[in-house]
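Below, chain A is the first sequence line, B the second, and so on; all start at residue 1.
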Amino acid sequence: MKLYKRKNNTMQYDFNDIEAKWQKYWAENQTFKASNNSDKPKYYVLDMFPYPSGAGLHVGHPLGYIASDIYARYKRHKGFNVLHPQGYDSFGLPAEQYAIQTGQHPAITTETNIKTYRRQLDQIGFSFDWSREVRTSNPEYYKWTQWIFIQLFESYYCNNDNKAKDIKELTSIFSSEGNANVNVACDDDIEAFSAEAWNSFSTEKQQEILLKYRLTYLAETEVNWCPVLGTVLANDEIVNGVSERGGHPVVRKKMTQWSMRISAYAERLLQGLEDVDWTDSLKETQRNWIGKSVGATVSFNVKDHDEKIEVFTTRPDTIFGVSFMTLAPEHELVSKLTTADQKEAVEAYIEKTAKRSERDRMADVKTISGVFTGAYAEHPFTKELVQIWIGDYVLASYGTGAVMAVPCGDQRDYDFAKHFNIEIPNIFEGVDISEEAFTGKDNVKIANSDFLNGMNYKKASKRAIYDLEQLGQGEGKTNYRLRDAVFSRQRYWGEPFPVYYVNGMPQMIDAQHLPIQLPEVEKYLPTEEGEPPLGRADVWAWDTKNNKVVSNDAIDNETVFSLELNTMPGWAGSSWYFFRYMEEAANRGGVFASEDALNYWENVDLYIGGAEHATGHLLYSRFWVKLLKDRGFVNVEEPFKKLINQGMILGTSAFVKRIGFRVADLNLEILKGSKEDKDNYKSLQERLSLIKEIYISDDLIKYLKKGYNSDNESYGDKEREHNEKRKEILDNFYPVIEYEINKLNLKGKVSVDTSLLNFYKTHVKVQYVNASDELDIESLKNDAEFGAEYRDAEFVLEDGVYKVGRDVEKMSKSKYNVVSPDQICIDYGADSLRLYEMFLGPLEQYKPWNTAGITGVHNFLKKLWKLYVDDNGLKVNDAEPTKDNLKTLHKTIKKVQEDIENFSFNTSVSTFMIAVNELGAQKCTSKEILEPLLVLVSPYAPHIAEELFSKLGNSASISTADFPEFEASHLVESSKNYPISFNGKMRFTLELPMDLSKDEIEKAVMAHEKTIAQLEGRTPKKVIVVPGKIVNIVG
RNA sequence: GCUGAAGUGGUGGAAUUGGUAGACACGUUGGACUUAAAAUCCAAUGUCCAUUAGGACGUACGGGUUCAAGUCCCGUCUUCAGUACCA
């Protein structure tokens, strides 16, 4: 029976009620709806939109959203028209995998998941303009993704003007002058044709040629095929040779696929990085990914063959150092050049390397291998013959798949030459190459190189290229590592291509007939013939007469044709969504965003999201924006002006440690026995170690891991204590083991050797562990999912509690360390969650989630509340603020403003705490102070700020209030508490008026009794006085 | 290997241009209030020595510059992230 029931006092800080009230108010009043017409300056704050997964939000997700929300709210207070939208990247693999397992349509699971996300986002109080929500899986949205795809198809890239243009311009050039003089981005295998030839080609032939020029094209390419996922993956979707999602193996496979000619934009993507305000590390990652290298192509004639070997080199200055050539084993000339003598060896080598996966090749860089082909190439200048080798250190996928080996200047060539005893000519003046290659290019002169002798790198390179050009055997060239991006996915849950096929040639469906909607299929798996899931659709053909999707039965290849079976990758919809938000939902029908909207919002001013998108989303978006700009649809060159990567919040996993014991006596005998005996022993041991679960509290484990020998010299009190504790613990569970052994009737045959204890770690759900790492054993045993495993277990406690082991890992369902924001919002409120996530530390940093400190920020909010309200109601009045009140307020204004502008949100929270502590101590009740304080707090803790703001008599939302103006005059001090140092060590402080001159300060300090005591009669050599800062006495 | 970031109490972290290292908070300890608990409030809390006064040490490690270094310079170590035979 409760003796005392707390009075339901409206003067309490009842955060649940307050937060629900204001969330409702914001929604009903559309408080955060952005306008496309405003006199205010615009500001666009964007979060990377989430993929709505089935697991819902965990506390790591909102970190970036809270930061961007604080910034958006701050900008509103500062008089900006703020666009702060949110939406869902709702196409993707997990929903489809779930569909495969359950048969549930991905659209349904996605819808359910979005509902959960929305509820969770709403309860945190974000100031999103939900009226502009987008979902990439919505046909009204992907209509425009398809439309952009068509624009890419209808474009080529002109290298002269450095921009994409309408493909029609190219065809008109072809029909008037052929392709001899065009300087455009295209495939490598282009054949020259004249205008007459072009005009005489069949339509199919023309289309086939044009595919080699279009910015999205269909081509047979070597792709990364993931058999488990049943789809191809882009380079950025592969991490360490396995798929990013799921970690499945990936193999190389030739397939006809849509590709994006992003390589055409390599230089502009690189240059554009100069104009954006991103972190250096992110820019560096993109630069590496683009991988620009400047050099030359050189073509080597082959002895007794018409073939030439093309190589790319960044060091044309070292051309006289070439002593052999190496081709990738996959190089197309290998089979043609190999002599009969070497045929067997070469084929064996190719077979061997083909077996090695890409991953093995990457992992094993040390082993040098290769085979001589028997063929010779001719040096372009000396005409000397050099051997042609093949070796797997040369990659088929980079450059031309062949290198001119300069062993004196390249370590790999050097190692190869040493290994196979190939000559290593030295072409560097005064450099010793007996131990290793000289890979630098600065401060060295070229020698033994005919006309290049005595030149430095820069000069020699230029000259070598010039002479190669004279010979017609080379030219200057810039190479990029950036590959064209594969755009087809063999999946169901993605955007369908607006493409049908006539005589094997892809045709675009006219934009007016979009969207081409995803068809229904009975299963979400590939077909038996290995076609993508869309191959299962019955209604998936294009009727060119009626311009609609019709049944496959109608395909006659006259007017009805088959549609593309692949779908677009996850990054298609996310590459342009930031433009869609610019347009109000009501006006989105006829355009992806109207010209007015695009011109008004321009680009994203602040973008916050995870660093894992550095080479995927952030590169592809930039590419599409440049294309849209070139084709005149948008006016910006870069989508994201400023970008911040928030760090990840990691989970603190909890482990219980189980003891396993080995059977010692049996061990020795059995190990001498037959294989069968050994197997029996093994299974017996496994059984034994499982007969009884014994879990040891974490701090006790150290006693079990080691015992001390009392005969040892170093044996002392510490060791004795350790051993006693050890015995105590062992005694605790030893009888249990004995009992189990008895039960198995093994007594006498086995004994348990405690020196052979093993410990097994098992994750337990973090919700059963409190802040002091103590496990709630009862709840664990009653867990619906895993309780049974622990029901009969023994728990060895210390001081009455079981302590778990802890480890910081990525938050994930499989590690049972996921913490949902829901419970925190219920227990402490959204404002506490928001403040706490910011209080954890700098935004960019990775940090483990630990709720231990949340009471700190929650107490702060309660203190804040009490500053305005006590048991008798509102206590704020019109009292004249004191000097101290004003000082506290204005130093807070200054600091908070600086912090927000520097994205240093953690320090603002401390600043608020200090302000509230000070104002509390000052017993401040002045509205003149307390009202502006609420505006400062409101971006961080908007609900409590709204509630108190309305209590102060305001009828409008606090989000419409102006940010308080900082006035420096309130911070002017009349005196300073000077730290007085002796030889740099602070000994005492001394309060002195601010307006004293240097000399007066020195005089005052030297006269002070503590100074005299410190000096003990010595005369100082020097006295440093920095007015307003410090005094240092030397000597 | 290369590139980038970081290393500060028991913990998260603060320290703006070199100028009182450890703000703010958590935790811990002690106290007040209470029959009791919760809540709240107050005090102490880098380490070591000292009864006190006070002193020594202290920002990964070793040097250096300076009146003064967590901050600048040189070298080393460790951790994390990215990248990897890129010719």
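Screening A/Phe839, A/Tyr940, A/Phe905 against A/Phe912 for a ring-ring contact (aromatic ring centres under 6.0 Å, His included) leaves a single residue, A/Tyr940. When each of A/Leu63, A/Leu650, A/Asn817, A/Leu840 is tested with A/Trp849 by the rule side-chain contact (heavy atoms from CB on, under 4.5 Å), just one qualifies, namely A/Leu840.
In this structure, the nucleotide among B/U40, B/U83, B/C24 sitting nearest to the side chain of A/Arg481 is B/U83. You'll find that the side chain of A/Arg412 is closest to B/C85, out of B/U3, B/C24, B/C85. Of the candidates B/U20, B/C57, B/C67, B/U20 carries the atom nearest the A/Pro979 side chain, counting heavy atoms from C-beta on. When distances run from any side-chain atom of A/Ile1024 to the nucleotides B/G27, B/C67, B/A39, the shortest one goes to B/C67.
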With side chain to side chain contact (heavy atoms under 4.5 Å, CB included) as the criterion, how do A/Thr989 and A/Glu991 come out once you've worked through the C-alpha distance, each side chain's angles and the decisive distance to 0.1 Å? CA-CA 7 Å; A/Thr989 59; A/Glu991 187 87 16; over 6 Å; no

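Mapping A/Gly856 and A/Pro848 onto RNA chain B by nearest heavy atom places A/Pro848 at the nucleotide closer to the 5' end. Between A/Lys863 and A/Arg987, the one whose closest nucleotide on RNA chain B sits nearer the 5' end is A/Lys863.
Residue contacts shown for A/Phe839 include a base, since a base heavy atom lies under 4.0 Å away. Nucleic acid contact class of A/Asp410 (heavy atoms, under 4.0 Å, all strands): none. A/Asn479 comes within 4.0 angstrom of nothing in the nucleic acid, heavy atoms only. A/Glu898 comes within 4.0 angstrom of a base, heavy atoms only. As judged by a 4.0 angstrom heavy-atom cut-off over every strand, A/Val1034 is placed among residues touching the sugar-phosphate backbone only. Looking at heavy-atom distances under 4.0 Å, A/Asn902 makes no contact with the nucleic acid at all. Among the protein residues, A/Lys1021 comes within range of no part of the nucleic acid, since none of its heavy atoms lies under 4.0 Å from any strand. Looking at heavy-atom distances under 4.0 Å, A/Asn917 makes contact with sugar-phosphate atoms alone, never a base.
A/Lys894 has a carboxylate O that lies under 4.0 Å from a charged side-chain N of A/Glu898, or vice versa, which qualifies the two as a salt bridge.
In this model, a donor atom of one side chain and an acceptor atom of the other lie less than 3.5 Å apart for A/Asp413 and A/Tyr393.
Atom CG in A/Asn1032 sits about 12 Å away from atom C1' in B/U20, given to the nearest Å. Between the CD1 atom of A/Ile1030 and the P atom of B/U20 there is a distance of 6 Å, given to the nearest Å. Taking atom CD of A/Gln845 as the reference point, atom C1' of B/U79 lies 13 Å away to the nearest angstrom.
Classification of B/G46 as anti follows from a glycosidic angle more than 90° from 0.
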